[in-house]
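Beneath this line is the structure, given in structure tokens, with notes to follow.
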There are 2 protein chains.
Amino acid sequence: MNLYSANSLKVELNQRGCRLTPQRETILSVFQNLRQGNHLSAEELYNILHNQREKIGLSTVYRTLHLLARIGILRELELAEGHKHYELNLPDMHHHHHHLVCIQCHKTFEFSDESILKIGKKQVEKAGVELLDCQLTVRAVCLEALREGWPSMVPSNWSCPRSHSEMEDEIS
Amino acid sequence: MNLYSANSLKVELNQRGCRLTPQRETILSVFQNLRQGNHLSAEELYNILHNQREKIGLSTVYRTLHLLARIGILRELELAEGHKHYELNLPDMHHHHHHLVCIQCHKTFEFSDESILKIGKKQVEKAGVELLDCQLTVRAVCLEALREGWPSMVPSNWSCPRSHSEMEDEIS
DNA sequence: TTGCTTGCAAAAATTTTGCATCTAG
DNA sequence: CTAGATGCAAAATTTTTGCAAGCAA
């Protein structure tokens, strides 16, 4: 599962006049160890690092997330929760996936579909630009919310009873 | 092009115990008059309203955008510019479209592909949830940025020389 | 009337930046 | 050494909220 070794990261960075610092290495390793299907916000990553007794400033976290996303190592997800989430970018057909998210409780499901990347590649070619990422986001309302009588009966902060088991230090 | 009349908006709102206010009507009309392919952030919408001498508070703008997106009248776009954008949600095959965006200069291209909505519908059915929106976002780097030597040679605030003609009061 | 809405200002949440200091190459 | 990176605190951006007053149904 080690898709980017510290060394290949170093090469990537040095090619662009950037440096491999312990902070960057640590942050990448958090993503490497994240179980498939999870993604982190800057704040969540920062908390994980703190739980691991790593001293990395929040601004460094933000700067590193940007850098790695720009390089193409991370993928930026916009799941409409008020902040971006990040995950490893695995552009090969095998790992490439997309998201279905409930706009009420933010539960997310992953799915794969090879034809999407093909469509993205076609468009990119037509526009004469270079592909970085291609993600389908399906917004929906979950069964539980519908059962509660969404949308009229569901207060905007309502969330599935069971869905409160999330993140913070979810490294497998 | 009048897809939602004031009256059908009223019905939609009243069904959910909400009211049709002049502010909501005005905001919807801005989107109706926006030329196809444009989308607005809360701030941009607020400015347009001001230019039209409408007195609508920024919080009302935010509240209305949320409401209309929740109802399914607007579509929330996440084009990675630091804030959400909104456009009319036209879920029929004919108007449904997707976005290709340059992460460097934020230029966006629209495209249609019927198979995407089909994929979304399939996933939604499988997950047993109700579809609200289905959008493919392709992130790429534009030709101009590549020519400048992206990524190593391009400062992160660089933008295509010509691409500075945007928004603010772009109503056609 | 009643309870949903608004506008304002204040607060919250998220992200960015300036700068002195540190460090990878 | 030297340009890039860090950490902190301060600032900027974007969005949300409390509350008194207004207005749609």
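Here the structure is a predicted model, which means the values were calculated and not measured. Chain letters run A, B, ... following the sequence lines, proteins first, then strands; residues in each count from 1.
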Hey, does the side chain of B:Lys10 come within less than 4.0 Å of D:dA25's phosphate (OP1/OP2), counting only N and O?
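True: B:Lys10 side-chain N/O within range (under 4.0 Å) of D:dA25 OP1/OP2.
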
Under 4.0 Å between a side-chain N or O of A:Arg24 and OP1 or OP2 of D:dA5?
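It does, given that an N or O in the side chain of A:Arg24 lies less than 4.0 Å from OP1 or OP2 of D:dA5.
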
Keeping the roles fixed (side chain from A:Asn33, backbone from A:Ser29), state whether a donor-acceptor pair exists under 3.5 Å.
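Yes; at least one donor-acceptor contact below 3.5 Å.
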
Report yes or no: does A:Glu44 contribute a side-chain atom to a donor-acceptor pair with the main-chain N or O of A:Ser41 at less than 3.5 Å?
yes

Whole-Å distance separating the [atom1] atom of [X] from the [atom2] atom of [N]:
X: A:Gln15; N: C:dG25; atom1: CD; atom2: C1'; answer: 15 Å
X: B:Glu25; N: D:dA24; atom1: CD; atom2: C1'; answer: 12 Å
X: A:His50; N: D:dG7; atom1: NE2; atom2: C1'; answer: 11 Å
X: B:His85; N: D:dT14; atom1: NE2; atom2: P; answer: 9 Å
X: B:Leu9; N: D:dA24; atom1: CG; atom2: C1'; answer: 13 Å
X: A:Asn14; N: D:dG4; atom1: CG; atom2: P; answer: 12 Å
X: B:Leu67; N: C:dT6; atom1: CG; atom2: C1'; answer: 14 Å
X: A:Leu28; N: D:dA5; atom1: CG; atom2: C1'; answer: 17 Å

For B:Glu78, run the side-chain contact (heavy atoms from CB on, under 4.5 Å) check against B:Lys84, B:His99, B:His85, B:Gln135 and tell me which one passes.
B:Lys84

Spell out protein contact along nucleotides 7-17 of chain C as letters: B when the base is contacted, S when just the sugar-phosphate is, - when no protein heavy atom is under 4.0 Å; keep the 5' to 3' order.
BBB----SBBB

According to a 4.5 Å side-chain heavy-atom criterion applied to Ile, Leu, Val, Met, Phe, Trp and Tyr, with indirect links allowed, do B:Val101 and A:Val129 form part of one hydrophobic cluster?
no

Check: B:His50 ring centroid to B:Tyr46 ring centroid under 6.0 Å:
yes

Close side-chain approach of A:Asn89 to A:Leu74, heavy-atom, < 4.5 Å:
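Counting from C-beta outward, A:Asn89 and A:Leu74 never come under 4.5 Å.
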
